Amino acid sequence: MRKYLLPENGNFYKANLHLHSVISDGVLTPEQWKENYMARGYSILAYTDHDTFVTHNDLSDEHFLALNGYELGLATADKTKTCHLCAIRLTDNDKDMPACLAEGAWVLEKQNKPVPKALIGYYNGQNLSYTGECISRIIKDNVEAGFFVTYNHPDWSGESYPDYSGYNGMHAMEIVNYSCQVEGHDEYNSMAYNDMLLAGKRIYCIATDDAHGEWGAYGGFTMIKAPSLKYEDVTTALLNGNFYASEGPLIEEFYYEDGSFYIRTSPVKKIQALFLGARLGSKAKSVIAAEGEYVTEMRVKAKEAVAVRFTAVDENGKRANTNAVFTDTL
Ligand SMILES: [Zn+2]
Ligand SMILES: [Zn+2]
């Protein structure tokens, strides 16, 4: 029996799930971002301005979907570390907002705009602290209020395993944050994603731009496979992990059948399988193209492991990553 690990049916939509506009500290308007991304083949943008939830439903049309969200951060007192999370609304309404924006007012006040009551921080006046417990509570509040929550750019944030291993309940983490890479950070978080999975966190991985301006745009994207561009079709696909994270290569097909995994990609130089938690000597497998040639598929027998994930690497070193598959779900 074939089990599709990316859905058999539906369409792939190219998405950037982390973006800043002039509403916070980005330099382009939401409309300009829509135009520029659409010109490069994107269909979905999640607007995640800092600490401010604003809906952009008026931008959505037959060929474009605006997802509504925001990014929040909680830093240490000495500002050497922070935790940033994006929360993307699962429906296109702004009813029953969690009001958990830590500094929700600052952006709107800066622009001399009125601050809607729903945006005034629920946590204002509460004892927020940079601890795994507090951050996990913020994640839980957002999940319960109907958001898809992602953990962002650990390297930019100055975070390491003892920090992020304490965060629980998010849906996904950034395996790529392109703006942070452009700034010089080591924001290809393959090992951190492995660490999270081996710590038992069943999370997906996304690649994002976190664009504030053109300099940090069009480098990391998430391909979402959904029946349509309807808001809830796309957010359901997010919740179900029907997507992959890429800097360039495409993943066309991914399934499990009769004890083997199969993946088909655009032409790449290497495809690798990581078997997390497998015995020594069985933790990885790869197919590598000869010089001047390419590979486009890999079939590999399942091994005894906690989770399995695949990476395709093209000739420019750009990578596409599947979500991890926990073997007890097969
Ligand atoms: Zn951030
Ligand atoms: Zn950001």
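Both ligands and their constituent atoms are indexed starting at 1 by order of listing. All values reported here derive from a predicted model rather than from experimental measurement.
Of all the N, O or S atoms in E71, the one closest to the Zn ion (ligand 2) is OE1. Atom ND1 is the N/O/S atom of H84 found closest to the Zn ion (ligand 1).
Two rings, from H185 and H153, have their centers 6.0 Å or more apart.
The side-chain heavy atoms of K201 and D195, taken from C-beta on, include no pair separated by under 4.5 Å. By the 4.5 Å heavy-atom criterion applied to side chains, F310 and N321 are not counted as neighbours.
Salt bridge status for K225 with D233: absent, with no side-chain N to carboxylate O gap under 4.0 Å.
In this structure, OD1 of D210 and NE2 of H20 enclose an angle of 90° at the Zn ion (ligand 2), rounded to 10°.
The nearest N, O or S atom of H50 is not closer to the Zn ion (ligand 2) than 2.8 Å. The Zn ion (ligand 1) has an N, O or S atom of H153 under 2.8 Å away, backbone or side chain.
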For side-chain contact (heavy atoms from CB on, under 4.5 Å), just list the numbers for I44 and L229, CA-CA rounded to whole Å, side-chain angles, deciding distance to a tenth of an Å, and then say yes or no. CA-CA 8 Å; I44 300 169; L229 253 191; 3.6 Å; yes

